[in-house]
4 protein chains.
Amino acid sequence: MKKLGVKERILQTASKLFYFQGFNQTGINQIIAEAGVAKASMYQHFRSKEDIAVAYLIERHAMWMRQLSNFVSVEKDPKDKIISCFDYLIERVTEVNFRGCGWQNIITDLPEDHYKIRNQVLLHKNDVRAWIKATLKEVKEYSNEEADTLGDEIVILLEGAIIQSQIQKDIWPIHSGKSVCKKIINKNIDNYIV
Amino acid sequence: MKKLGVKERILQTASKLFYFQGFNQTGINQIIAEAGVAKASMYQHFRSKEDIAVAYLIERHAMWMRQLSNFVSVEKDPKDKIISCFDYLIERVTEVNFRGCGWQNIITDLPEDHYKIRNQVLLHKNDVRAWIKATLKEVKEYSNEEADTLGDEIVILLEGAIIQSQIQKDIWPIHSGKSVCKKIINKNIDNYIV
Amino acid sequence: MKKLGVKERILQTASKLFYFQGFNQTGINQIIAEAGVAKASMYQHFRSKEDIAVAYLIERHAMWMRQLSNFVSVEKDPKDKIISCFDYLIERVTEVNFRGCGWQNIITDLPEDHYKIRNQVLLHKNDVRAWIKATLKEVKEYSNEEADTLGDEIVILLEGAIIQSQIQKDIWPIHSGKSVCKKIINKNIDNYIV
Amino acid sequence: MKKLGVKERILQTASKLFYFQGFNQTGINQIIAEAGVAKASMYQHFRSKEDIAVAYLIERHAMWMRQLSNFVSVEKDPKDKIISCFDYLIERVTEVNFRGCGWQNIITDLPEDHYKIRNQVLLHKNDVRAWIKATLKEVKEYSNEEADTLGDEIVILLEGAIIQSQIQKDIWPIHSGKSVCKKIINKNIDNYIV
DNA sequence: TATGAATGAGCATTCATTCAT
DNA sequence: AATGAATGAATGCTCATTCAT
């Protein structure tokens, strides 16, 4: 259980470094040094640094979706599932060394030709967006169009909350996002006044 | 009118490159080559690459605030001023080569010790936030507390809209943000239905 | 016999340059150019310029001690061994391109934070000092205290002789040092008159 | 009395820096910054960095000789004057920030073509040597030849004592040098046993 | 499958000096 | 007499990648 394979060790080390130091701040040398792997061995498993990043993003995506759906699964009402997404964010943001959204971080300052990474970021963001819309469609009172529209709005709230938390090093943005989310998720007027 | 001073040329070139290619993707060599300046001349005007970035952010901040307040000045009602912030974003996002928020982009993958840049990003974000709150406080029906709360919420919407636009290379996030903004800015129930 | 390994070639080239032109006068670029090695190859074998200098000093120390003890081994009497140290110096000083003591030279104008080099210089100087004292302790007529005192005095003579030779580009300082050494090494008065 | 001329300010600043940081460790920029002088003004007063160093060495030489002869002037016996040279060294060495002999330090790691500095170092060393010999010639019991020989020997002791003090960061080398000096300066046998 | 050795291009920064004003 | 602006060359060092074994 202890001794991971070479590829796993590289990916695990790189994932930690890419997220906590940043993609540009992490060199191949640091990865192989901390993973305890020879350089050429690394290039046997991954064709390039970009490919490691792609693997990192894929794994992170799986983990993220799993943890999120896990976290919200305690709620029965789909509306509450969506609202509790913000509580999930709070859990993430209050972790030590929180460094924002791994996908936002990697795409904002990336060599122009790293298409695979750009693609991976889009995949993640669209999966989250799709999951939110699908969840909203479980709400009877919403039409499909209403669910789609509302889904996009909630995506914006989540994105804004997370990046602003990172910049401000504070959780007020999550609370603000959650507050707006609660307002817009209910057609019912009484819920509107927060 | 053509021949700028050396410092201006450096800053102008660096600003373009920092925004359109990213801070890490832009080397000092490219800056001086495109600005047509000797390396040591550059270092006479700026102590470090970080200092150039700070100057870029300061200038961009001034421009951004000026253009924003200019843009919204056609509106009289403070609520409309805030809503038209999203129209300002649309104008920005639809520019060719739109690359998202210069401040978000530079801070998400930055060497740990670049404090001056981090500080500049915070200054910008807080100035925008303060401007929004101040504008909302002109609305009679809001108490100070309501204006502050609402201001934070709108900040989240703007941030989310802009980064999601960048990732999606689309303007639907701005429209979604604006839509939410219109909902929450009015206490009046009738405005709720979009 | 001709084709040395890369590391050996770097060290050999750097040693020559550090000694004959000085540490500050020798740049990494010159070392790799003359060694015929790529820059990154060099940094694979040595973490820094300082580390190359340390390797150079370690190797030079081994050589110096080996040659010295070899040179004086023709003498049986420990006193004569010590005196012939000055003859060893003469051999060194009369070599073409003599540039003084490698350890003195490197430490006198050194960036403040080069601790490893400073440490290496101290190691060398103290090894020489210890060797001299140990040799003197073989002399029956000396008490341990006398040997220690005399050892320190001879160290001073050697140091003074070598640096003054370097400055004057002459060997009279070695002869003067040797002359004093002969005077003080004998308790016997008759030897006092040179 | 406070406001020095530009040239004096440059020389004073450079002298401090050359001695306490080293010649190679001190750049023109630091000199002009700390002297509060424009770069071109500096080059108006001194043709090159080397020329500043020459001026520094000349001034230091004058100061050194003045202070030394002052220090030893309390002694009447020329032998005692010579011996008290070592006490003068002790005074120097125990000063805070003692960094060894300014002339030794500058010559050991110097660009090959800095002839003026090399020359200045020789001038200083030979002046000291001449002064010692002249003082010894006042001793009646010495022949001219004996004074010359002894003078060279004492030069070696002083040089060795000072550089070893610098390396060891200790004053035992001065005491050792002084001890030898006392032994060799007296023909009288009784003084020989320390 | 695994690896240590090697690489060329690039990094940000500093150097002593000169020039136009 | 004094200066701010400008420079080319060099500094030590790191990058992601490839190759020979």
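Quick note on labels: first sequence line is chain A, next is B, and so on, each numbered from 1. Any value given below was found using the heavy atoms of this structure, including those in side chains, with hydrogens, waters and symmetry copies removed.
- The base of F:dT3 does not come close enough to the side chain of D:Lys39 for any donor and acceptor atom to sit less than 3.5 Å apart.
- Taking atom CG of residue C:Asn24 and atom P of nucleotide E:dC15, one finds them 12 Å apart after rounding to whole Å.
- Within the 4.0 Å cut-off from OP1 or OP2 of F:dA1, not a single side-chain nitrogen or oxygen of D:Ser41 is found.
- For the pair B:Gln25 and C:Val6, nearest-nucleotide mapping onto DNA chain E gives the more 5' position to C:Val6.
- For D:Ile28, whose side chain is taken as the heavy atoms from C-beta onward, the closest listed nucleotide among E:dT17, F:dG8, F:dT3 is E:dT17.
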Dot-bracket pairing map - DNA chain E, Watson-Crick plus G-U, both contacts under 3.5 Å, | cross-strand: .||||||||||||||||||||
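- For the atom pair B:Thr26 OG1 and B:Ile31 CD1, the distance stands at 6.0 Å (nearest 0.5 Å).
- Using a 4.0 Å heavy-atom criterion, one finds that A:Val37 contacts no nucleic acid atom at all.
- Taking only side-chain atoms of B:Ala38, from C-beta outward, the nucleotide of F:dT17, F:dG8, E:dA12 with the closest atom is F:dG8.
- Using cut-offs of 30° and 60° on the angle between ring planes, the pair D:Phe23 and D:Phe18 is tilted.
- Note on D:Tyr43: a side-chain N or O is less than 4.0 Å away from OP1 or OP2 of E:dT17.
- Separating the CD atom of D:Gln30 from the P atom of E:dT14 is a distance of 12 Å, rounded to the nearest angstrom.
- Whole-Å rounding puts the D:Leu110 CG to E:dA16 P distance at 13 Å.
- One finds the CG atom of D:Asp109 at 12.5 Å from the CD1 atom of C:Ile107 (value rounded to the nearest 0.5 Å).
- Residue B:Asn29 has a polar side-chain atom (N or O) positioned under 4.0 Å from OP1 or OP2 of E:dC11.
- Comparing C:Ala40 and D:Gln44 along DNA chain F, the residue whose closest nucleotide (by nearest heavy atom) sits nearer the 5' end is D:Gln44.
- For B:Tyr19 (side chain) and B:Ala14 (main-chain N/O), no donor-acceptor pair under 3.5 Å exists by modelled atom type.
- In this structure, NE2 in C:His124 is found 13.0 Å from CD1 in C:Ile58, a value given to the nearest 0.5 Å.
- Note that CZ of A:Arg60 and CG of A:Leu57 are 8.5 Å apart. Values are rounded to the nearest 0.5 Å.
- Atom pair C:Phe23:CZ and F:dT11:C1' shows a separation of 12 Å (rounding to whole Å applied).
- B:Gln30 and B:Gln21 are linked by a side-chain donor-acceptor pair at a separation below 3.5 angstrom, with hydrogens and angles left out of the test.
- One atom, CD of D:Gln21, and another, P of E:dT14, lie 14 Å apart when rounded to the nearest Å.
- Checking the phosphate oxygens (OP1, OP2) of F:dA2, a side-chain nitrogen or oxygen of D:His45 falls inside 4.0 Å.
- In this entry the distance linking CG of B:Asp51 with P of E:dT14 reads 11 Å, nearest Å.
- The number of heavy atoms from other shown groups lying within 6.0 Å of CD (B:Gln12) does not exceed 12.
- Remark: C1' of F:dT3 and CD1 of D:Ile10 are 12 Å apart, rounded to the nearest angstrom.
- Counting to the nearest Å, the P atom of F:dT3 and the CZ atom of D:Phe46 are 15 Å from each other.
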